[in-house]
Amino acid sequence: MSNKYIVRQPIKDRDGRVLGNEILYYGANLPFSKDPDANEFAAADTIYNFLTHNGKKVLKGSLSFMTFTPMLLMKRTPKLFDKSELVIQIDDSVIIHPLSMHFVQQFAQEGYQIAVNEFQFAPRYLALLDSIDYIKINVGHTKGDAMHNIIEVAHSMNKSCIVTGIETEEQYQTAIAQEADALEGTYVAEKLTTKAHSSSYLQSNFFRLMVALSQDTPNVEEVEQLISLDAGLSYAVLKMANSVYFALRHRATTIHQAVMALGLGQLRQWVYLLSASSMDNEMEEGTEEFLKLSFMRANFCSELMKFAKDIPISRSDAYLMGMFSTLNHLIDAPMEEILAELPVTEDIKAALLRKEGRCGKLFALLLSYEAADWNSINTLAEELGIPSEVLTNVYFVCMENVNVLWEQLTSPYQAEETAQQTT
């Protein structure tokens, strides 16, 4: 069986709001053929069949940018998706293919949005400008003046420019300075608009609560006291306890009732959500996607533990490893300083700080999957004893679980109204 991986990578505007998600897919290890068209046909057939069964999960929730090869276009694959949810991306292989460009123009006339990858100042690209909505530029392949010129021309024709491949703060600032409309890359995915100051955050009630909940045997009275001392945390815990997810028969009105309803295990898993909710009733721009990333990492690590061999931590600890892997983006402090204050195992610390040991390989697999580093995914999965064919299914299950969980946790549950409706 050939390996088929699909990853969603967020595209954010200049203010950190999610514009949509790039759908990156891989269906290599196909039967070798000396005929390149036969290879592409086999790849297109594999991807088409996969998207037919998983399309709704792939595109659910936001505008999705997906690259289509000539064969995928001629199979009319975009028709699997609603035009309000999809941006059809094309690259040079499509642009130099007259028949596939005919399909692109048809889709554009039908109302689909079009994006061009790796835009260049060449006649065949410039001729497309009337038909496209987005221009994508890779920060690693387009330098200084060239990027500025492309963005300037694009803006003069009312086109949006997305700078991709952003892996560092320097590249991020370069794209912002060049007036990019949106940005994409692993750095963008993890970037939170605002960070708490390290000294105040590490001394805050919330961080003390996180430490208390991370103990092997948390002290319930200490947990309740820490929550009660902070109005924001109290509000967040009560709001979570009374959400649709828990659907309590009776509304929790005290911290004690809320903690008993949630359970210390649940509080431990959702400590980030409490953090965001306690800062403000309305989340900062970009915070929601950051929290979803944290939940996604936690769930992905935990689920992969069902398949990974010889990992020296529990599924619960693997969940925390994934969740805590984003702490340095939430807190303006080095990861070493943050982990020194948390009672997590040395295996987790070694994994998060240096990607060492079996736990480090599991964490590295998570990062490789997010970055769509296909070669590393295959290598690490094999080293961990994880069948490569299960990865995409696990990823989709986790993505669906996170979306459902988020919706339920952020929707208030009215037990009294439900009771009246059922009588």
For the atom pair [atom1] ([X]) and [atom2] ([Y]), what is the distance rounded to the nearest 0.5 Å?
{"X": "Met101", "Y": "Ser131", "atom1": "CE", "atom2": "OG", "result": "6.5 Å"}
{"X": "Asp373", "Y": "Leu367", "atom1": "CG", "atom2": "CG", "result": "10.5 Å"}
{"X": "Ile137", "Y": "Gln178", "atom1": "CD1", "atom2": "CD", "result": "9.0 Å"}
{"X": "Arg297", "Y": "Tyr369", "atom1": "CZ", "atom2": "OH", "result": "14.5 Å"}
{"X": "Arg315", "Y": "Leu320", "atom1": "CZ", "atom2": "CG", "result": "13.0 Å"}
{"X": "Phe65", "Y": "Gln9", "atom1": "CZ", "atom2": "CD", "result": "12.5 Å"}

Taking the side chain as every heavy atom from C-beta outward, state whether [X] and [Y] have any atom pair closer than 4.5 Å.
{"X": "Leu209", "Y": "Ile227", "value": "yes"}
{"X": "Gln89", "Y": "Phe68", "value": "no"}
{"X": "Arg358", "Y": "Lys309", "value": "yes"}
{"X": "Glu152", "Y": "Met147", "value": "no"}
{"X": "Ile255", "Y": "Leu233", "value": "no"}
{"X": "Met66", "Y": "Ile88", "value": "no"}
{"X": "Phe363", "Y": "Ile348", "value": "no"}
{"X": "Met335", "Y": "Phe324", "value": "no"}

Whether the [X] and [Y] side chains hold a donor-acceptor pair (N or O, under 3.5 Å, no angle test) is what I'd like checked.
{"X": "Arg8", "Y": "Ser64", "result": "no"}
{"X": "His141", "Y": "Glu118", "result": "yes"}
{"X": "Asn117", "Y": "Thr67", "result": "yes"}
{"X": "Glu184", "Y": "Thr164", "result": "no"}
{"X": "Asp347", "Y": "Thr345", "result": "no"}
{"X": "Tyr125", "Y": "Asp92", "result": "yes"}
{"X": "Ser84", "Y": "Tyr112", "result": "no"}

Heavy atoms of other groups near Glu179 CD, more than 12 under 6.0 Å: no
Inspect the surroundings of CD in Glu170 and state if more than 12 heavy atoms from other residues, nucleotides or ligands are less than 6.0 Å away. no
Flag, side chain of [X] to backbone of [Y], donor-acceptor distance under 3.5 Å:
{"X": "Thr326", "Y": "Met323", "answer": "yes"}
{"X": "Thr379", "Y": "Ser376", "answer": "no"}
{"X": "Thr77", "Y": "Leu73", "answer": "no"}
{"X": "Lys159", "Y": "Ile135", "answer": "no"}
{"X": "Lys12", "Y": "Lys191", "answer": "yes"}
{"X": "Arg14", "Y": "Ile176", "answer": "yes"}
{"X": "Asp13", "Y": "Leu19", "answer": "no"}
{"X": "Ser302", "Y": "Ala298", "answer": "no"}
{"X": "Ser100", "Y": "Val94", "answer": "yes"}
{"X": "Gln171", "Y": "Glu167", "answer": "yes"}

Is there a side-chain contact (heavy atoms from CB on, under 4.5 Å) between Val394 and Phe307? Walk through the geometry before answering. CA-CA 10 Å; Val394 169; Phe307 306 96; 3.8 Å; yes
Nearest heavy-atom neighbours spanning [X] and [Y]:
{"X": "Cys398", "Y": "Glu303", "result": "SG-CG, 3.6 Å"}
{"X": "Met321", "Y": "Leu352", "result": "O-CD2, 3.6 Å"}
{"X": "Ile166", "Y": "Ala175", "result": "CD1-CB, 3.9 Å"}
{"X": "Val87", "Y": "Ile114", "result": "CG1-C, 4.1 Å"}
{"X": "Val402", "Y": "Asn299", "result": "CG2-ND2, 3.8 Å"}
{"X": "Ala182", "Y": "Ile11", "result": "CB-CG2, 3.9 Å"}

Using a strict threshold of under 4.0 Å (side-chain N to carboxylate O), is an ion pair present between Glu341 and Arg208? no
Using a strict threshold of under 4.0 Å (side-chain N to carboxylate O), is an ion pair present between Glu336 and Arg354? no
Could you tell me if Lys136 sits above the aromatic ring of Phe119, with its cationic atom closer than 6.0 Å to the ring centre and no more than 45 degrees from the axis? no
Are Gln269 and Phe295 close enough, and set up right, to give a side-chain contact (heavy atoms from CB on, under 4.5 Å), and what steps lead you there? CA-CA 9 Å; Gln269 290 185 358; Phe295 278 114; 5.9 Å; no
Run the side-chain contact (heavy atoms from CB on, under 4.5 Å) check on Asp317 and Val344 step by step: do they pass? CA-CA 8 Å; Asp317 283 337; Val344 295; over 6 Å; no
In this structure, which one of Glu356, Glu383, Glu382 forms a salt bridge (Lys or Arg N to Asp or Glu O under 4.0 Å) with Lys361? Glu383
